[in-house]
Protein chains: 4
Amino acid sequence: MAKAPRRRGRPRSEKAQQAILDAATALLIEHGLDAVSMDELADLAGVSKATVYRWWPSKHALALDVLAVDWGAIRPPPRDTGTLRGDLRSILRPWVKVLPSRPYGAVIAALLAEAHMNPEFRALWRARFVDERRDPGRLALARAKERGEIPTGTDAELVLDLLYGAIYHRLLHGHGPMNERIVNAAIDIVLTGIAD
Amino acid sequence: MAKAPRRRGRPRSEKAQQAILDAATALLIEHGLDAVSMDELADLAGVSKATVYRWWPSKHALALDVLAVDWGAIRPPPRDTGTLRGDLRSILRPWVKVLPSRPYGAVIAALLAEAHMNPEFRALWRARFVDERRDPGRLALARAKERGEIPTGTDAELVLDLLYGAIYHRLLHGHGPMNERIVNAAIDIVLTGIAD
Amino acid sequence: MAKAPRRRGRPRSEKAQQAILDAATALLIEHGLDAVSMDELADLAGVSKATVYRWWPSKHALALDVLAVDWGAIRPPPRDTGTLRGDLRSILRPWVKVLPSRPYGAVIAALLAEAHMNPEFRALWRARFVDERRDPGRLALARAKERGEIPTGTDAELVLDLLYGAIYHRLLHGHGPMNERIVNAAIDIVLTGIAD
Amino acid sequence: MAKAPRRRGRPRSEKAQQAILDAATALLIEHGLDAVSMDELADLAGVSKATVYRWWPSKHALALDVLAVDWGAIRPPPRDTGTLRGDLRSILRPWVKVLPSRPYGAVIAALLAEAHMNPEFRALWRARFVDERRDPGRLALARAKERGEIPTGTDAELVLDLLYGAIYHRLLHGHGPMNERIVNAAIDIVLTGIAD
DNA sequence: CGGTAATCGAGACGGTACGTCATGTCTTACA
DNA sequence: TGTAAGACATGACGTACCGTCTCGATTACCG
């Protein structure tokens, strides 16, 4: 792999970047996106605001990184279990084990709002968050079709929306808990519903 | 019914209330919640900011009213069609006919974020928005159980989360369209999935 | 004495007027003009704001009345004592006995500021406050000229400005006390200064 | 003299400070203190309101600076002329030459009102305005006593109140003009009055 | 090993919205 | 008609945040 063509001048401080991410994570978890100011964040990170903005173009982009990093860390990468039911469980169960302990509902809602308003951020959001979560599901469904486990004509996107949508719905509206039992029941209903 | 005991003092201006709601509706549709300032809103309504704040404690509460009024207006109240499939269609199809033409995704996302941060607003949100939409679905499922159309043990809340969640998911993430065909397909999958 | 030609409708409440003046006096003494709001004042007087504005066109006009009434009450009307020194003392000494106990400096300063900005109020201020205080002094000086006590060419207005100005100066700037001894000394200096 | 130890961070913009003072001077002269809004002022100065409040705690403090700077600029510093009459003239005549052309009466009245209400501002006012003007007069009187020109027992403060008070009186109440002739006459009366 | 250049901290800056408050007017029901 | 109650338009207030900027100080490389 080619070495990065080392630019001149003082190199960026990896330590600063990490401090910013740590501070952002802590503050976002505790207060949510809107209640966190960039001044406060820079203070907590022991960093100047200019340094934050040198690395991230906006508060939203930073929050998205926090989300992606944190989520990425919790995910035991989905396995090919041989059955669609097993694959879906291996995808969804890690989420519901972690999500309740991290109040990211508020952050996700705020980023969704921003994605609706800001086309540039929307592209980032789709790529870094939506597709990142959806692709394993798409893969599992494709494999199931290949195996003849589900009809070839099944609308994979709809199946994902039913399952992911239910989880996001409870996460965002908070009207009920989300746990393994519920995830399993949801998977059962949907798989039964799409069987021949 | 007893006549309202007419309070003393100048009565509140219904015209002003309506002007505020109208202006808020127009601005929310056009710009989204965060991009609407209260000054701008009051200006457009031909009303003073103090008057807005006299009747709504915050921009969020006002937006919630806008949403409730607008959504309430579009709804041909769900009918008892005799079958669960018919009932669910009569509930969900009006939504998907109207939602795409009103970019409320951004507004709902912003209100969700606020509901996560602000306990008072959360209570309001649950009562005025979440339950208001869910209750017809709960009723339809209860009737279906009485008729023996679905097993008594069916988890009604989960069924609603699967259906509503799918719709909200597409509305909020915007990764795919939501239309009658999709709603019908979703209903079919879920009803098949919960049949004996 | 002819009875006032009783107008139709509910007669004005003299009690209300007095309550307003009393409340205004109390609040002005305690807080000064700018720190008193008309809502607060009406509340304390047990009166509606509309009633206040029916009798006084503005807060400043009301404050001017308070000042005039209060000042008028304290004044034993200046007597013709036979000498200019005696006349001036009988005019000025009542002021310095009462002024220190009533912190009207702030009120007078605020009204002066308003008089500078508002021509209508300026006329009121000149008539009700400035001339009301100056006229007795003018009279005393005119009598002294008639008696040959001071030269006919004496600039009476300047003499008054020296004496009144000194008192107002200490009242407004608060850099030193004002008492009978000082008033007497001031009168002595000025009378010596204008003697032949 | 030690070099100022250059603080870290972006240095304050002297240009902005000057623009604020210039704008404040212009607006105060044109409209008076109460009729000038901080928004308007910041706009005219081409500066944000936050910057104004960063350096001046209130509109009053800013107006005091304007007054001090403007007054300081007009003053040919009082000279030691050898006689008390000459000294007092050299102090007072510059004022009356400039004051009529600058409608600071309203501003001074407003600041007086504030000084009566606000202890912190009162201290500022005394130091920056009252004593600043009085000290040259005190000095002149002290010199005159040393020279034996006036009795040692003369109450210097009262003398200053008679002279300064007369000028402020006309400036504030506006019932008569103030010019060199009047100032000279006032000085003559008082000096005659305090002679042995 | 000294010059060059990008980064860092600190924090001031322009801009913009916030939610509150006070003034003086207006609109009702009641006296 | 006068009054209490209180809603109303207007407009300033002082605060907070965003994202940009300008400093001196720091830290690498490159010549």
Side-chain angles (χ1 to χ4, degrees), chain A residues 6-13 15-16 34-40 42-43 46-59, chain B residues 5-13 15-17 34-43 45-55 57-59, chain C residues 7-13 15-16 34-43 45-60, chain D residues 5-13 15-17 34-43 45-55 57-59:
Chain A
R6 210 59 183 77
R7 303 220 308 281
R8 301 200 40 180
R10 175 174 176 172
R12 296 189 165 187
S13 158
K15 212 175 58 180
D34 289 3
V36 171
S37 77
M38 290 303 253
D39 289 85
E40 191 182 2
D43 256 32
V47 143
S48 83
K49 252 198 312 179
T51 301
V52 180
Y53 279 102
R54 191 168 297 112
W55 293 67
W56 288 275
S58 71
K59 187 160 69 160
Chain B
R6 209 59 187 81
R7 303 224 317 279
R8 308 222 14 195
R10 177 173 177 173
R12 65 190 277 180
S13 158
K15 211 175 57 178
Q17 312 301 309
D34 289 3
V36 171
S37 79
M38 291 302 253
D39 288 87
E40 192 185 359
L41 189 152
D43 255 32
V47 142
S48 82
K49 230 181 351 165
T51 298
V52 180
Y53 280 104
R54 203 190 316 282
W55 302 113
S58 69
K59 194 159 58 166
Chain C
R7 304 221 306 278
R8 300 199 40 185
R10 176 171 176 173
R12 294 192 168 188
S13 159
K15 213 175 57 178
D34 289 3
V36 171
S37 77
M38 291 301 255
D39 289 86
E40 191 183 1
L41 190 151
D43 255 32
V47 142
S48 84
K49 253 197 312 178
T51 301
V52 179
Y53 279 102
R54 198 186 316 282
W55 292 68
W56 288 274
S58 73
K59 188 160 72 160
H60 299 103
Chain D
R6 209 58 189 76
R7 302 222 319 279
R8 309 227 6 201
R10 176 172 176 174
R12 64 189 280 179
S13 157
K15 211 176 59 179
Q17 312 301 308
D34 289 3
V36 171
S37 79
M38 291 302 252
D39 288 88
E40 191 183 358
L41 190 151
D43 255 33
V47 142
S48 84
K49 230 183 349 164
T51 298
V52 180
Y53 280 105
R54 203 190 316 282
W55 303 112
S58 69
K59 193 159 60 166

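Residue numbers begin at 1 in each chain, while the letters A, B, ... track the order of the sequences. Just so it is clear, the model here is predicted, and its values are computed rather than measured.
Applying the 4.0 Å criterion to OP1 and OP2 of dG19(F), one finds that S58(A) has every side-chain N and O outside that range. Residue W55(B) places at least one side-chain N or O under 4.0 Å from the OP1 or OP2 atom of dC8(F).
Where P57(B) and G46(D) meet DNA chain E, the nucleotide closest to each residue was compared, and G46(D) sits on the side nearer the 5' end. With DNA chain E read from its 5' end, the first of the two nearest nucleotides for T51(A) and H60(C) is the one closest to T51(A). Mapping Y53(A) and Q17(B) onto DNA chain F by nearest heavy atom places Q17(B) closer to the 5' end of the strand. Residue order along DNA chain F, read from the 5' end via each residue's closest nucleotide, puts V47(C) first among V47(C) and E40(D).
For the pair R54(A) CZ and dT7(E) P, the interatomic distance rounds to 6 Å; values are reported in whole Å. One atom, CG of D39(A), and another, C1' of dA10(E), lie 12 Å apart when rounded to the nearest Å. Following rounding to the nearest Å, K59(B) (NZ) and dG19(E) (P) show an atom-to-atom distance of 7 Å. Rounded to whole Å, atom P of dC13(F) lies 9 Å from atom CG of L41(D). M38(D) places its CE atom 22 Å from the P atom of dT20(E), with the value rounded to the nearest Å. Between D34(B) atom CG and dC17(F) atom C1' there is a gap of 13 Å when expressed in whole angstrom units. Atom-to-atom, CH2 of W56(A) to C1' of dT20(F) comes out at 18 Å; the value is rounded to the nearest Å.
Atom CH2 of W55(B) and atom CZ of R12(B) lie 4.0 Å apart (nearest 0.5 Å). Separating the NZ atom in K49(B) from the CG atom in D43(B) is a distance of 10.0 Å, to the nearest 0.5 Å.
V36(B) comes within 4.0 angstrom of the backbone, heavy atoms only, and of no base. Residue A50(D) is classed as a base contact, given a heavy-atom separation below 4.0 Å to a base. Note on S48(A): a base of the nucleic acid sits closer than 4.0 angstrom, heavy atoms only.
Side-chain atoms of R8(B) come within donor-acceptor range of the base of dA4(F), with a qualifying N/O pair under 3.5 Å. Scanning atom types as modelled, one donor and one acceptor separated by under 3.5 angstrom connect the side chain of R10(B) and the base of dC26(E). No hydrogens or angles were tested; on distance alone, nothing pairs the side chain of K49(C) with the base of dG6(F) as donor and acceptor under 3.5 Å.
The side chain of S37(B) has dA17(E) as its nearest neighbour among dT7(E), dC8(F), dA17(E).
Of all heavy-atom pairs spanning V36(D) and K59(D), the tightest one is O-NZ, 2.8 Å. Closest approach of S48(B) and A42(B) over heavy atoms only: C-CB, 4.0 Å.
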